[in-house]
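First comes the structure, then the notes that go with it.
Note that the numbering runs from 1 along the sequence shown for the chain.
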Amino acid sequence: MSFKRSSLIVIFLLLVFVSVFSVPDHKTFASPTFDWTEQADSDIRNWTAMASSADGTKLVAVENGGAIYTSSDSGEHWTPRLGAGTKSWFSVASSADGTKLAAVVLEGYIYTSTDSGANWTEQTLSGQRGWTSIASSADGTKLVAASNYMLVSFNPDYIYTSVDSGVHWTQQTDSGVQAWNTVSSSADGTKLAAGGDSTPIFTSTDSGVNWTQQDDSPRLTWKSIASSANGTKLAAAPNADFIYTSVDSGIHWTQTADTTEREWTSIASSADGTKLVAASKYDPVETSSDYIYVSDDSGATFSSQNTPGQQEWHSVTTSSDGTKLAAAGASTHIFTGVQLDTVAPVISAIDSGTPTTASTTITWTTDEAATSRVIYGLTNTYGSQTTLDPSLVTSHSVILDGLSSDTQYYYAVVSVDAAGNSATSTAHMFTTDEEAVVVTEQPVRRHRIASGGYPTTPVASTNNQPQIHMSQPVHFFGTNLTVGSRGLDAMFLQEFLISQGLLEQGNNTGFFGPLTQAAVITYQISQNITPAVGYFGPITRASVYVHMLLSSKPK
């Protein structure tokens with residue numbers, strides 16, 4: 001054999017060795033950010049499984065060859081529960097409130113607690129089996145447990161269920177004899193899923209009485225299954241393969257493209273199934289360490305959590321909202337992670353109310369509790385701002401005062417959440433009301449009109465200002481007018497419009513019709529009155545009255 005050929009063979013074998021036996025690089029993608037804490041009070045132990053209450057404050061962890069431990073402060077402090085003894089604990093489950101717990105022994109019975117782990121009962125009716133996994137309904141009354149006869153010297157076995165918090169157990173023969181490794185349950189305990197050694201995934205929709213082999217799932221050695229609260233979203237973690245997800249209660253399965261072939265050991269899901277956390281101890285040849293991985297898009301993408309480091313992770317658990325995580329492994333402390341809020345509040349329903357001549361009230365809502373402030377000014381560069389209201393609320397209200405009358409203002413609202421994420425709205429506008437005209441009644445002057453009526457003729461004066469004496473009587477409009485109005489006010493309005501060339505002679509009929517409305521619109525446009533819709537309201541009335549006053553001054 002030539003030297004060149006020998007070299008090529010050696011290089012090829014090296015490439016094969018590297019691709020098969022090396023630990024793949026961990027991926028990093030955009031994802032939720034967690035603040036992780038190594039909980040020293042948990043001590044370094046050979047942790048095998050964990051479970052969490054819905055709010056994440058109550059945790060339970062079991063040790064292989066050791067005791068059961070509980071925490072009531074999200075993992076900061078831990079209490080050994082020696083009443084259950086030291087055993088080969090393999091799996092543990094918790095009710096939503098953390099009061100009802102259940103744990104299984106690999107070569108023993110199932111144990112339950114109804115007081116958050118303070119006291120434990122050995123449920124002998126469960127039988128001594130190679131228990132590998134247990135799951136609970138939200139209220140803790142319905143339990144499902146799996147046995148793997150391959151791990152102990154027992155005969156092949158089934159899946160077992162209980163409807164009385166573990167006191168009595170039913171062997172569900174329809175599940176078939178398998179080397180079962182993992183089970184999951186919906187919140188109501190009706191939808192179950194299970195996986196074993198080199199099997200498809202099996203599901204049940206009647207609390208385990210009947211089971212369906214889901215052939216769309218591959219035949220793999222499934223290590224862990226997680227379920228959403230309603231049982232529709234499932235996530236399954238196998239040994240030395242990709243994570244798989246389902247959105248139809250296990251009928252169809254999708255291989256997640258963002259995970260690599262790892263020795264997945266545990267997976268957990270938020271109640272809505274959108275947030276997942278998975279643990280791995282990648283081990284193609286011998287035990288080696290790996291990361292914890294999280295997803296906030298139902299498994300479409302995952303990212304590694306570098307802060308807890310690489311460990312031989314055995315178990316992960318999550319609160320129902322997916323914001324509090326806990327993880328444990330071989331020869332490690334327990335780690336807890338709290339999701340950091342990096343999303344700004346979403347602002348909506350912005351309203352400037354009904355501006356007066358000098359003030360208005362700005363209101364808006366946010367999708368989370370946040371502070372309140374308004375920035376405003378005569379241009380969209382603003383220049384002024386209100387005092388910060390530090391109250392964290394979702395319904396916001398801020399008063400702007402000291403404004404100028406008949407002035408257009410630009411404004412935007414600003415809200416900052418408890419984590420310091422700030423949101424500023426786009427620019428909005430409002431216009432303050434015009435200064436009101438103060439009218440003083442003068443002695444009645446008679447001005448005969450076609451109908452024989454004699455309207456009063458008031459004279460306008462502002463506060464502390466001399467009155468204006470007119471050479472001609474001026475009509476004071478006492479009511480608002482719109483299409484269909486009749487009377488003297490309508491007639492005097494028509495006469496004014498005729499005098500301005502906005503309405504043809506002869507149309508002073510006293511009936512406010514479409515021609516009068518069109519003339520009013522033309523007048524409003526000429527005076528920059530908005531909205532120019534032909535409604536003879538307070539602003540237009542004041543404008544016409546002032547116009548008539550100025551026209552009536554002595555020359």
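With sequence neighbours left out, the side chain to side chain donor-acceptor pair (under 3.5 Å) criterion links S319 to D321. Shown here are the side-chain contact (heavy atoms from CB on, under 4.5 Å) partners of T254, two or more places apart in sequence or in another chain: T245. Legend: residues meeting side-chain contact (heavy atoms from CB on, under 4.5 Å) with S133, ordered by chain and number and at least two apart, are S91, A146, T182, V183. Contacts of D164 classified as salt bridge (Lys or Arg N to Asp or Glu O under 4.0 Å), with partners at least two apart in sequence or in another chain: none. Not counting sequence neighbours, the partners of T232 by the side chain to side chain donor-acceptor pair (under 3.5 Å) test are N230. In this view, Y411 and H428, F430 satisfy the ring-ring contact (aromatic ring centres under 6.0 Å, His included) rule, not counting sequence neighbours. Residues passing the ring-ring contact (aromatic ring centres under 6.0 Å, His included) test with W211, sequence neighbours excluded: none. Residues passing the side chain to side chain donor-acceptor pair (under 3.5 Å) test with W253: none are found, sequence neighbours excluded.
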What pairs of donor and acceptor atoms, side-chain ones from residues 325-334 against any protein atom, are under 3.5 angstrom apart with sequence neighbours left out?
{"from": "T332", "atom 1": "OG1", "to": "G329", "atom 2": "N", "distance (Å)": "3.1"}
{"from": "T332", "atom 1": "OG1", "to": "G329", "atom 2": "O", "distance (Å)": "3.3"}
{"from": "H333", "atom 1": "ND1", "to": "E38", "atom 2": "OE2", "distance (Å)": "2.8"}

Table please: side-chain donor-acceptor pairs of residues 338-346 below 3.5 Å, with sequence neighbours left out.
{"from": "Q339", "atom 1": "OE1", "to": "K275", "atom 2": "NZ", "distance (Å)": "3.0"}
{"from": "D341", "atom 1": "OD1", "to": "V343", "atom 2": "N", "distance (Å)": "3.0"}
{"from": "D341", "atom 1": "OD1", "to": "N421", "atom 2": "ND2", "distance (Å)": "3.3"}

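Pairs engaging residues 61-84 under the salt bridge (charged side-chain N to carboxylate O under 4.0 Å, His left out) rule: R45-E63 [sequence neighbours left out]. Listed by first and then second residue, the ring-ring contact (aromatic ring centres under 6.0 Å, His included) pairs involving residues 45-74 are W47-Y69 (not counting sequence neighbours).
There is a side-chain donor-acceptor pair under 3.5 Å between E122 and Y111. A donor-acceptor pair shorter than 3.5 Å cannot be found between the side chains of Q172 and Y158. Using a 3.5 Å distance cut-off with no hydrogens or angles, the side chains of Y109 and Q123 do not pair a donor with an acceptor. With hydrogens and angles left out, the side-chain atoms of S113 and D115 include a donor and acceptor closer than 3.5 Å. Side chains of D206 and S204: a donor-acceptor N/O pair is present below 3.5 angstrom, by distance only. Side-chain contact, T203 with K191: no donor N or O sits under 3.5 Å from an acceptor N or O.
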Run the numbers on R262 and D290 for salt bridge (charged side-chain N to carboxylate O under 4.0 Å, His left out), then give the verdict.
CA-CA 9 Å; R262 301 178 184 277; D290 204 0; 2.7 Å; yes

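Of the options W222, Y291, F242, Y293, a ring pair (Phe, Tyr, Trp, His ring centres under 6.0 Å) to W264 is made by Y293 and by none of the others.
Using a distance-only test at 3.5 Å, with no hydrogens or angles considered, no donor-acceptor pair links the side chain of T363 to the main chain of H396. When atom types are taken as modelled, the side chain of S295 and the backbone of T301 share a donor-acceptor pair closer than 3.5 angstrom.
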